[in-house]
Trainee: 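Take a look at the following structure, please.
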Amino acid sequence: MLDAKFVRAEPEKVRQGMIYKNADPALLDEFLLLDEKRRSLLVQVEQLKAERNTRSEEIARMKREKKDATAEIERMREVSQRIKQLDAELDEIERSLNSVLMNIPNLPHETTPLCKDESGNQILRYEGEQRKFDFEPAPHWELAAALDIIDFERGSKIAGSGFVLYKGLGAKLERALINWMLDVHTQEHGYTEVFPPFLVNRRAMTGTGQLPKFEFDMYHTDKDDDLFLDPTAEVPVTNIYMDEILDAKDLPIYLTAYTACFRREAGAAGKETRGLLRVHQFDKVELVKFCTPETSYDEHEKLLADAEDILRRLKLPYRVVLLCSGDISFAAAKCYDLELYAPGVDKWLEVSSCSNFEAFQARRANIRYRPEPGAKPEFVHTLNASGVALPRLVVSLLENYQREDGTVEVPEVLRPYVGTDLIS
RNA sequence: GGAGAGGUGGCUGAGUGGUCGAAAGCGGUCGCCUGCUAAGCGAUUGUACGGUGAUAAAGCCGUACCCCGGGUUCGAAUCCCGGCCUCUCCGCCA
């Protein structure tokens with residue numbers, strides 16, 4: 001969330017940012033009104049409480065001196081009643097205030113293009129060679145079915161549409177990609193591997209910004225547990241340091257994690273979701289960084305490079321897109337997308353979002369650091385990138401590495417992990 | 001799942017209704033001392049919110065916070081209820 005003091009001091013900046021992020025600025029007006037109310041009520045309650053405290057001391061003194069305090073106690077009863085009333089009112093206002101603030105998005109960074117829809121996205125560059133085919137490239141679902149490495153029908157049978165059963169070398173390819181990506185990030189990019197819970201509680205989900213706005217997008221266990229399935233490893237990993245004060249000398253912290261990711265993707269169906277393009281459960285290797293505000297935009301560029309490195313080593317054609325204000329997520333200030341080309345479906349597929357959240361998540365999750373010993377704690381900046389998401393990577397890989405006979409070559413870097421150079 | 005113990009400041013740990021934002025120690029910061037290091041001496045040392053200060057800072061004032069949420073009471077770290085978490089023992093289980 002945004003800093004309430006900042007919102008109060010610079011409402012017009014907030015309003016502009018909200019408009020460009022397609023948020024309703026009425027929320028801002030509501031905030032300002034409630035904030036005003038809260039402060040005037042707070043002053044009243046605190047005065048009464050100050051009175052209660054001094055009179056309470058007085059009563060204690062009288063009792064010690066064995067004097068009769070009945071009259072004083074009688075008057076205190078009224079004061080306490082009044083406090084109880086005002087406290088209840090205040091509590092309600094604070095609840096609404098908080099809920100309003102939680103629904104105000106992060107503001108776009110100055111380098112994020114301002115535009116209300118995706119037409120403002122900027123394709124920064126194309127990388128890698130587009131393969132020239134001398135035959136018609138098949139879509140991945142045909143390749144996978146013929147090779148018997150992915151069984152879409154049986155996945156649906158046991159869980160529902162959007163759930164995939166990998167089989168044989170398909171399963172092994174999935175595992176190989178996960179292991180290889182983790183190895184690259186830990187051994188060459190300086191990340192520490194973590195393996196977090198796949199379910200998280202409401203607090204964690206709120207910390208990274210998925211809640212309260214997007215509850216409907218997530219799988220949720222019953223009311224007794226009130227747990228959510230990770231939609232991305234960003235959630236458990238970013239919240240590792242929830243309510244902690246980190247030491248400045250430990251920053252930046254680089255973490256990488258594999259998790260399965262679960263998304264309801266409600267309402268999505270049809271052509272865009274065929275095969276592996278959009279599924280309810282998928283694997284992903286995630287990169288998460290915690291750093292100081294001064295370094296976060298440098299770290300953001302490095303993060304992008306780390307994610308890109310995966311695609312480069314696999315020798316797949318991709319492009320880098322700078323997202324505009326209207327297309328970046330609720331919690332992000334700036335975001336690059338990496339899109340892989342898939343010749344079988346002839347599409348650019350998003351396989352990574354590389355975002356800087358600045359202090360937005362840290363403020364919600366209460367993740368701070370002490371710039372130097374004795375100094376006041378400040379909020380860290382958090383960043384994350386997919387490094388990368390598997391299904392669409394597999395799509396691009398199968399479709400780019402296919403041969404005319406329907407077999408698929410294994411990219412060189414993966415051969416030690418898959419144990420073969422050809423899927424046939 | 002059953003039985004028990006417990007959750008207090010950055011950490012350890014005292015505190016069973018008013019004089020407690022909380023003893024003591026450790027750690028941190030500043031100063032002194034010391035040829036260096038270690039030790040020693042003195043002082044200081046939580047956070048949030050609000051008021052005032054010029055909706056700058058310092059300062060000053062106030063309120064809240066002893067796991068969380070309720071309750072009892074004129075008054076709660078302390079008593080009562082619910083929840084969460086940790087530990088020990090038993091049971092169950094991969």
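On a predicted model such as this, the values are computed, not experimentally measured, just so you know. Only this structure's heavy atoms are used, side chains among them; waters, hydrogens and symmetry mates stay out. So you know, we letter chains A, B, ... as the sequences are listed, proteins then strands, and number each from 1.
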Trainee: Can you see which heavy atom on A:Arg364 is nearest to which on A:Met102, and at what distance?
Mentor: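 In this case the closest contact between A:Arg364 and A:Met102 is NH2-O, 2.5 Å.
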Trainee: Please report, rounded to the nearest Å, how far the C1' atom of B:G10 is from the CG atom of A:Asp243.
Mentor: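 So the CG-C1' distance, A:Asp243 to B:G10, works out to 15 Å.
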Trainee: Of A:Met76 and A:Ser56, whose closest RNA chain B nucleotide lies nearer the 5' terminus?
Mentor: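 The answer here is A:Ser56.
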Trainee: What I'd like to find out is whether the side chain of A:Thr112 reaches to under 4.5 Å of the side chain of A:His109, using heavy atoms alone.
Mentor: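 When only atoms from C-beta onward are counted, A:His109 and A:Thr112 do touch, with a gap below 4.5 Å.
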Trainee: Please work out which residues in residues 30-51 of chain A have a non-hydrogen atom less than 4.0 Å from an atom of RNA chain B and list them by number.
Mentor: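 The stretch gives A:Arg38, A:Arg39, A:Leu42, A:Val43, A:Glu46, A:Lys49, A:Ala50 as the residues lying under 4.0 Å from the strand, ordered by number.
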Trainee: Ring centres of A:Tyr219 and A:Phe228 under 6.0 Å apart?
Mentor: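 Centroid separation for A:Tyr219 and A:Phe228: 6.0 Å or greater.
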Trainee: Could you point out which residue of A:Ser386, A:Ser353, A:Ser352, A:Cys354 forms a side chain to side chain contact (heavy atoms under 4.5 Å, CB included) with A:Asp337?
Mentor: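 Among the candidates, only A:Ser353 passes.
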Trainee: Which of residues 84-92 of chain A have a heavy atom under 4.0 Å from RNA chain B?
Mentor: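 Per residue number, the list reads A:Lys84.
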Trainee: Between A:Glu58 and A:Arg61 (salt bridge meaning N to carboxylate O under 4.0 Å), is one present in this structure?
Mentor: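 Answer for the salt bridge query: yes.
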Trainee: Rounding to a whole Å, what distance do you find between A:Glu72:CD and B:U73:C1'?
Mentor: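 Spelled out: CD on A:Glu72 to C1' on B:U73 is 16 Å.
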Trainee: Between B:G17 and B:G13, how many Å separate the two P atoms, rounded to a whole number?
Mentor: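 Taking atom P in both B:G17 and B:G13, they lie 23 Å apart.
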Trainee: Taking 4.0 Å as the cut-off, does a side-chain nitrogen or oxygen of A:Ser80 come that near to OP1 or OP2 on B:U73?
Mentor: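 Looking at the OP1 and OP2 atoms of B:U73, neither is under 4.0 Å from any side-chain N or O of A:Ser80.
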Trainee: Mind running a 4.0 Å heavy-atom check of residues 57-64 of chain A against RNA chain B and sending the residues that fall below it, in number order?
Mentor: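 Contacts with RNA chain B under 4.0 Å: A:Ile59, A:Ala60, A:Lys63.
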Trainee: Between A:Arg52 and B:A64, is there a side-chain N or O to OP1/OP2 distance below 4.0 Å?
Mentor: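 A:Arg52 to B:A64 OP1/OP2: side-chain N or O found under 4.0 Å.
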Trainee: Tell me the closest heavy-atom pair linking A:Phe282 and A:Pro391, and the distance in Å.
Mentor: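 Heavy atoms of A:Phe282 and A:Pro391 come nearest at CB-CG, 3.2 Å.
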Trainee: Taking only residues at least two apart or on different chains, which pairs with a member in residues 48-100 of chain A satisfy ring-ring contact (aromatic ring centres under 6.0 Å, His included)?
Mentor: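 ring-ring contact (aromatic ring centres under 6.0 Å, His included) check on residues 48-100 of chain A returns no pairs.
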Trainee: What is the pairing partner of B:G50, taking Watson-Crick or G-U wobble pairs with both distances under 3.5 Å in any strand?
Mentor: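 WC or wobble partner is B:C61.
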Trainee: Pick the P atom in B:G71 and in B:U88, then give their distance to the nearest Å.
Mentor: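 It works out to 36 Å between them.
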Trainee: Give none if B:G40 has no partner; otherwise give the nucleotide forming a Watson-Crick or G-U wobble pair with it, both distances under 3.5 Å.
Mentor: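 Looking at the geometry, B:G40 pairs with B:C32.
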Trainee: Within the pair A:Asn53 and B:A64, is there a side-chain N or O less than 4.0 Å away from OP1 or OP2?
Mentor: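 Answer is yes, contact under 4.0 Å.
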Trainee: Does the side chain of A:Gln210 reach to within under 4.5 Å of the side chain of A:Glu234, using non-hydrogen atoms?
Mentor: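 A:Gln210 reaches A:Glu234 side chain to side chain.
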Trainee: Pairs of donor and acceptor atoms involving the side chains of residues 160-167 of chain A, under 3.5 Å and at least two apart or interchain, shall be tabulated with distances.
Mentor:
from, atom 1, to, atom 2, distance (Å)
A:Lys167, NZ, A:Asp148, OD1, 3.2
A:Lys167, NZ, A:Asp148, OD2, 3.1

Trainee: Given the P atoms of B:U78 and B:U19, what is the spacing between them in whole Å?
Mentor: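 Their P atoms lie roughly 14 Å apart.
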Trainee: Students often mix this up, so state it plainly: with edges at 30° and 60°, are the rings of A:Phe330 and A:Phe214 parallel, tilted or perpendicular?
Mentor: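 Perpendicular: the ring planes of A:Phe330 and A:Phe214 meet at over 60°.
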Trainee: At their closest point, which heavy atom of A:Val100 faces which heavy atom of A:Phe31, and how far apart are they?
Mentor: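 Where A:Val100 meets A:Phe31 most closely, the heavy atoms are CG1-CB, 3.8 Å.
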Trainee: Determine which pairs satisfy side-chain hydrogen bond (donor to acceptor under 3.5 Å, both in side chains) with at least one residue from residues 98-107 of chain A, sequence neighbours left out, and list them in order.
Mentor: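 Of all non-adjacent pairs touching residues 98-107 of chain A, none passes side-chain hydrogen bond (donor to acceptor under 3.5 Å, both in side chains).
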Trainee: Using a 4.0 Å heavy-atom cut-off across all strands, classify A:Arg55 as base, sugar-phosphate, or nothing.
Mentor: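 No contact.
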Trainee: Within the 4.0 Å heavy-atom criterion, would you say A:Arg75 contacts the bases, only the backbone, or no part of the nucleic acid?
Mentor: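 Counting heavy atoms under 4.0 Å across all strands, no contact is made by A:Arg75.
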